[in-house]
2 protein chains.
Amino acid sequence: MARHARYDRKTALEKAVGLFWEKGYHGSSMKQIEQALDMRPGSIYATFGSKDGLFSEALAAYAEQGGRELAVHLKGFDSIVEGLQDYLRGIACSCGDENAAPSRACMIVKTLLESSNTHPALADQANSILAAIEQSIAELLEQARVKGELVQSIDSRRLTRLLQAQIMGLRSMGERNLDPQIMRDLGDDMAAILDGYRTQH
Amino acid sequence: MARHARYDRKTALEKAVGLFWEKGYHGSSMKQIEQALDMRPGSIYATFGSKDGLFSEALAAYAEQGGRELAVHLKGFDSIVEGLQDYLRGIACSCGDENAAPSRACMIVKTLLESSNTHPALADQANSILAAIEQSIAELLEQARVKGELVQSIDSRRLTRLLQAQIMGLRSMGERNLDPQIMRDLGDDMAAILDGYRTQH
DNA sequence: GTTGTAATTGAGCATTCGTTCAAAAAGGAG
DNA sequence: CTCCTTTTTGAACGAATGCTCAATTACAAC
């Protein structure tokens, strides 16, 4: 056989997520990537093909991790709606926390806004991911409706997009560096929107 | 005297807004700027100082125009709240419209997300503009509260930020290229959020 | 050890980046 | 027309960009 790889693909990707999430696609140079991954250009290109390829894989890894985070919040609650509300409050809280993450805003949204008119391939990927997230949240809300948590008459798909827009808005507001209490209030107010669609009991 | 400037500063800025709004700061090269403004580098630098300076002025011009748009929507209604609701629906509508603007998302938010960790000066400017917008909307909502349109107990500042987050979310969703009807529904649902804070009569 | 293979290295590629500045061009005043 | 001032031009700069590849290194098998 031969020499074994010094770099773990997964940990390298995690580091790439950190840099790209923080600085975006255009804002991250290969020089910075080399430093962040502690890899030389040759190794990076042998492993990921190109800056585009690395970014694409990093974005996918980010999305996967994001999905796991939502699942964690939901696990803590019997009620789906309360789980989602906790998720919103959790985002608001982490937005107040300094240095909790490379950036407060969502990397998928950052990518979509940055690349929609400059890099169609990335924009398509971001759009696909957002559609997939919409799909899985829609299933949750539909489930909640069937369970009787939400009023029967709601359009779960439509409420999903309202919720998705809340998350986008909340995390973008996070980038404003507002007072933590203000972010918590905002998270509460967004959680309260869902109450308007709940069944009373 | 001497030769007079061939370029009108204001129309040049409008063209710059168009390019920067579409492609962002990093996504717009000087070559593209020269083409968009139909100006040679020397003239651009003599007029605006630098790419940064041009972007900064363009962002300010964009914000000013955005403020005028909101005022137009408000003029059409006796009720402030209904004016704001119409503003939300208007955004949703224009997001569905193809080629209505260089980009569906807000240039200020795009700038904030792009520059928050790469270009502090731009991020600061974007933050200042967002704070100013928050201020003027807060004055509107406080006015609406005093007029009795909104329940007396509301925190107008807090509701302002919820509204601002709606706008950010709505316009970011616009970048997803969803069906126009879907965007209209989303705008309606966001407008309906405000109903929850209105006085009944 | 020696050999064979695969991973890593980093100097250096062509290109593009934002920017400068000496020269050319375009008027108004005399 | 001749000056004088101001604006415009575009070639060219140094630095940075994404990327390549021949040489080197490190390990497993023998």
Side-chain angles (χ1 to χ4, degrees), chain A residues 1-59 111 114-115 117-123 125, chain B residues 1-59 111 114-115 117-123 125:
Chain A
M1 276 288 123
R3 187 177 185 178
H4 23 293
R6 187 161 75 82
Y7 307 111
D8 178 30
R9 201 190 164 78
K10 219 167 84 181
T11 59
L13 265 180
E14 275 170 29
K15 291 173 185 173
V17 168
L19 180 65
F20 282 134
W21 185 6
E22 184 181 354
K23 312 220 181 208
Y25 177 81
H26 291 291
S28 305
S29 69
M30 280 306 299
K31 202 74 74 183
Q32 293 173 304
I33 293 169
E34 290 167 34
Q35 193 169 10
L37 307 200
D38 189 27
M39 288 171 80
R40 258 41 63 200
S43 298
I44 296 172
Y45 280 83
T47 311
F48 300 105
S50 64
K51 184 187 175 184
D52 283 39
L54 175 59
F55 188 94
S56 175
E57 288 201 44
L59 187 61
T111 301
E114 182 185 356
S115 66
N117 297 305
T118 55
H119 205 140
L122 281 186
Q125 189 187 351
Chain B
M1 275 290 124
R3 185 178 185 177
H4 23 293
R6 187 161 77 80
Y7 306 111
D8 177 29
R9 199 189 165 80
K10 219 167 84 180
T11 59
L13 264 180
E14 275 170 30
K15 291 174 185 171
V17 168
L19 179 66
F20 282 134
W21 186 5
E22 185 181 354
K23 312 218 176 209
Y25 177 81
H26 288 112
S28 305
S29 70
M30 281 306 299
K31 201 75 71 180
Q32 292 173 303
I33 293 169
E34 290 167 34
Q35 193 168 8
L37 307 200
D38 189 28
M39 289 170 79
R40 259 40 63 200
S43 298
I44 296 173
Y45 280 82
T47 312
F48 300 105
S50 65
K51 185 188 176 185
D52 282 41
L54 175 59
F55 188 94
S56 176
E57 287 201 45
L59 187 61
T111 301
E114 183 185 354
S115 66
N117 298 305
T118 54
H119 204 138
L122 282 186
Q125 189 186 352

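Residue numbers begin at 1 in each chain, while the letters A, B, ... track the order of the sequences.
In this structure, A:Tyr45 does not reach the C:dA7 phosphate: none of its side-chain N or O atoms is under 4.0 Å from OP1 or OP2. Within the 4.0 Å cut-off from OP1 or OP2 of D:dC27, not a single side-chain nitrogen or oxygen of A:Arg6 is found. Proximity of A:Tyr25 to the phosphate of D:dT17: no side-chain N or O atom is located under 4.0 Å from OP1 or OP2. Between A:Ser29 and D:dT17 there is a side-chain N or O to OP1 or OP2 distance below 4.0 Å.
Nucleotide C:dA6 holds its C1' atom 14 Å from the OH atom of A:Tyr7, rounded to whole Å. Atom NE2 in B:His119 sits roughly 12 Å away from atom C1' in C:dG18 (whole-Å rounding). In this entry the distance linking CD of B:Gln32 with P of C:dT19 reads 15 Å, nearest Å. In this structure, CD1 of B:Ile33 is placed 18 Å from P of D:dG10, rounded to the nearest angstrom. Straight-line distance from the CG atom of A:Asp38 to the C1' atom of C:dG10: 14 Å, rounded to whole Å. With rounding to whole Å, A:Lys51 atom NZ is found 13 Å from C:dT16 atom C1'. The distance from atom CE of A:Met30 to atom C1' of C:dC13 is 15 Å, rounded to the nearest whole Å. Nucleotide C:dT16 holds its P atom 19 Å from the NE2 atom of B:His26, rounded to whole Å.
Residue B:Ser28 is in sugar-phosphate contact alone, with no base atom involved, counting any heavy-atom pair closer than 4.0 Å across all strands shown.
The distance from the CZ atom of A:Phe48 to the CD atom of A:Glu57 is 5.5 Å, given to the nearest 0.5 Å.
Projected onto DNA chain D by closest heavy-atom contact, B:Lys31 and B:His4 fall at different nucleotides, the more 5' of which corresponds to B:His4.
Tested against A:Leu37, the residues A:Leu19, A:Thr11, A:Leu54 include a single side-chain contact (heavy atoms from CB on, under 4.5 Å) partner, A:Leu54.
Relative to the side chain of B:Ser50, the nucleotides C:dT19, C:dA7, D:dC19 differ in distance, and C:dT19 lies closest.
Geometrically, A:Lys51 does not engage A:Phe20 in a cation-pi contact defined by less than 6.0 Å to the ring centre and at most 45° from the axis.
Without hydrogens or angle criteria, A:Glu114 side chain to A:His26 main chain gives a donor-acceptor distance under 3.5 Å.
Donor-acceptor pairing under 3.5 Å, judged by distance alone, is absent between the side chain of A:Arg40 and the base of C:dT8. A:Arg3 contributes a side-chain N or O that forms a donor-acceptor pair with the base of C:dA7 under 3.5 Å.
Of the charged side-chain nitrogens involved, at least one lies within less than 4.0 Å of a carboxylate oxygen, so that B:Asp38 and B:Arg40 count as a salt-bridged pair.
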